[in-house]
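All values below come from the heavy atoms of this structure, side chains included, with hydrogens, waters and symmetry mates left out.
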Amino acid sequence: MQGRNTVEEVLCLSVERGYMIFYRNCDDSNVLSDIVIAHHTSIGMIRTWSYVLIMDITYKTNKHIDHNVLAKLTEQVEDEEVATQFINGTWHTLINEIDEAEYRRKLELLKMKWQRRPDFLYYLFNTWLNPLAHKFCRVWTFEVLHFEVETTNHVENEHSVLKLWLSTCHSDLDTLFLNVDYVIQKNFNAKSNAMLKNISNHISHWALKKIWLEIKRAREIVDDAQNKCGYYLRKSHGLPCACKLLGQYEHFLPLQLEDVSVFWRTLEIRMDVPSA
C-alpha cells in the first residue's frame, strides 16, 4: 500500500480504474463523512437513461409498509390469519385502486369496518395514509411517469448477487473494493452477450427489453416460427421479430444495428465529464 491507509488505498485504486470519486470530511477535520465511487460506464448509462433511478432501499416501499401494517394488526387482534386476510383483501384493494372516487369510498368502508379498533386506525392513517398515500397508493402513483419501473426488484437482485459473491462484510475496505470492482466488470461483460454485443449501448433499454421478450417468444414457437411469428414487432416497432431472432439465436449470430430502426438508435452515451 506504499504507506497509504485503507481509505487512501481505496481512493488510489478508484483513480487507477477510472472511477469517479466524491467525498466530504466532517467539518474541518480529517474524518471522512461521505464517499461516492461510481464506475465510468454507470455514469454514461445514467446520463443516457436519466429518467428513472432505482435504489436498493426497503423503507417505505410497499413491501415494507405491508410488513409493518401486518405486524401492527397482528399485535392488536392477536390473530395472524385475520391480519393476513386484511392485508391481502381490504388493504391491497384500497392501495391498488386507480379511481379516486372509488378509493375514497373504500377508505370510508375501511374506517367503518375497523372503527372498533381506533388504535389501529390511528396508526394506519397517521403513519401511512395521511402523510404518504400519494407515494404508494396507485390512485396517485398511477399518474407518475415511471416507464414501467414499479418495483426495486431488479436492483435488489443485483445487490443480492453482490452480497452472495462477497460472502462477508468483514474484509478490509480495499479488499472489498477490489471484489466489488470485479463483480461490476463481470456484470457489464455478461450483459454484453454475443447476440446483443453490436447493439448494446446503442439502442434504448426499452427496445432491448422488447427484443429479449421476442427471443423468449421465439423459443416457444420454435416448431412453427415462420407461420406463428406474425412479423408484428418488425412491422410496428422496427425491431427484429421472432423468426429472425430464432435464426440468429440458434447460430449464435449477433444482431446488427441495421436490424433495428433508427428510431431506437437516436441516443448517445457520453463518458466525458462536462466542465463546471
Side-chain angles (χ1 to χ4, degrees), residues 33-34 36 49 51-171 176 179-180 183 187 205-206 209-210 212-213 216-217 219-220:
S33 63
D34 308 281
V36 175
W49 298 290
Y51 303 99
V52 178
L53 178 63
I54 311 175
M55 301 181 70
D56 185 7
I57 56 176
T58 57
Y59 186 59
K60 292 181 181 176
T61 61
N62 285 35
K63 187 187 300 184
H64 172 83
I65 295 170
D66 285 356
H67 175 78
N68 280 271
V69 173
L70 176 64
K72 187 69 174 181
L73 185 54
T74 301
E75 175 188 310
Q76 295 218 353
V77 301
E78 298 181 348
D79 189 331
E80 187 173 353
E81 184 177 347
V82 171
T84 301
Q85 289 175 354
F86 170 80
I87 293 294
N88 294 332
T90 303
W91 179 247
H92 281 174
T93 300
L94 175 71
I95 66 176
N96 290 317
E97 178 57 57
I98 61 173
D99 179 78
E100 188 168 355
E102 188 64 13
Y103 171 85
R104 301 292 180 193
R105 187 186 72 82
K106 290 176 179 177
L107 198 62
E108 292 303 315
L109 288 175
L110 186 154
K111 289 180 183 177
M112 291 175 59
K113 185 174 181 179
W114 292 91
Q115 59 184 330
R116 294 183 180 179
R117 298 282 180 178
D119 290 344
F120 174 64
L121 287 180
Y122 181 86
Y123 164 80
L124 203 62
F125 281 84
N126 287 276
T127 303
W128 303 113
L129 292 174
N130 289 342
L132 297 168
H134 63 289
K135 293 186 177 182
F136 70 92
C137 290
R138 290 200 68 186
V139 68
W140 288 285
T141 61
F142 190 73
E143 302 294 326
V144 175
L145 184 64
H146 54 63
F147 301 102
E148 211 172 348
V149 180
E150 297 181 280
T151 74
T152 59
N153 290 348
H154 179 72
V155 70
E156 286 172 6
N157 290 340
E158 296 290 344
H159 195 183
S160 296
V161 170
L162 175 61
K163 288 191 290 187
L164 285 172
W165 199 91
L166 293 176
S167 73
T168 178
C169 61
H170 298 296
S171 299
L176 284 174
N179 290 339
V180 172
V183 174
N187 199 359
H205 278 180
W206 193 91
K209 180 180 179 181
K210 278 289 183 183
W212 271 119
L213 290 174
K216 180 180 178 181
R217 189 172 79 92
R219 295 175 191 166
E220 294 171 353

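Applying the salt bridge (charged side-chain N to carboxylate O under 4.0 Å, His left out) criterion to Glu75, with sequence neighbours excluded, gives no partner residue. Residues passing the side-chain hydrogen bond (donor to acceptor under 3.5 Å, both in side chains) test with His134: none are found, sequence neighbours excluded. Residues meeting the side-chain contact (heavy atoms from CB on, under 4.5 Å) test with Asn126, sequence neighbours left out: Tyr122, Asn130. Scored by the side-chain hydrogen bond (donor to acceptor under 3.5 Å, both in side chains) test, Arg138 finds no partners at all (sequence neighbours excluded). By the side-chain contact (heavy atoms from CB on, under 4.5 Å) test, Leu109 is found to be paired with Arg105, residues two or more places apart in sequence or in another chain being considered. Not a single salt bridge (charged side-chain N to carboxylate O under 4.0 Å, His left out) links Lys210 to another residue, sequence neighbours left out. With sequence neighbours excluded, no residue forms a ring pair (Phe, Tyr, Trp, His ring centres under 6.0 Å) with Trp91. Annotation: side-chain hydrogen bond (donor to acceptor under 3.5 Å, both in side chains) contacts of Glu100 (sequence neighbours excluded): Arg104. With sequence neighbours excluded, no residue forms a side-chain hydrogen bond (donor to acceptor under 3.5 Å, both in side chains) with Lys72. Among residues two or more places apart in sequence or in another chain, the ring pair (Phe, Tyr, Trp, His ring centres under 6.0 Å) test is passed with Tyr103 by Trp140.
Between Asp66 and Phe136, every side-chain heavy-atom pair lies at or beyond the 4.5 Å cut-off. Contact annotation: the side chain of Leu121 approaches that of Leu110 to within less than 4.5 Å [non-hydrogen atoms, C-beta and beyond]. Considering only heavy atoms from C-beta on, Leu129 comes within 4.5 Å of Leu107 through its side chain. The shortest distance between side-chain heavy atoms of Phe86 and Leu70 does not fall below 4.5 Å. Taking 4.5 Å as the limit, every side-chain heavy atom of Asn96 sits out of range of all side-chain heavy atoms of Phe142.
Listed by first and then second residue, the salt bridge (charged side-chain N to carboxylate O under 4.0 Å, His left out) pairs involving residues 79-93 amount to none (not counting sequence neighbours). Residue pairs meeting the salt bridge (charged side-chain N to carboxylate O under 4.0 Å, His left out) criterion with at least one partner in residues 109-127, sequence neighbours excluded, are Glu108-Lys111.
We find the CG-CG distance between Leu124 and Leu94 to be 8.0 Å, quoted to the nearest 0.5 Å.
Closest of all the heavy-atom pairs between Leu132 and Thr127 is CD1-O, 3.8 Å. Pairing each heavy atom of Asp99 with each of Val139, the nearest pair is C-CG2, 3.8 Å. For the residue pair Leu73 and Trp114, the shortest heavy atom distance occurs at CD1-CZ3, 3.7 Å.
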Candidate pair Ile95 and Ile65, rule side chain to side chain contact (heavy atoms under 4.5 Å, CB included), full reasoning: CA-CA 11 Å; Ile95 66 176; Ile65 295 170; over 6 Å; no

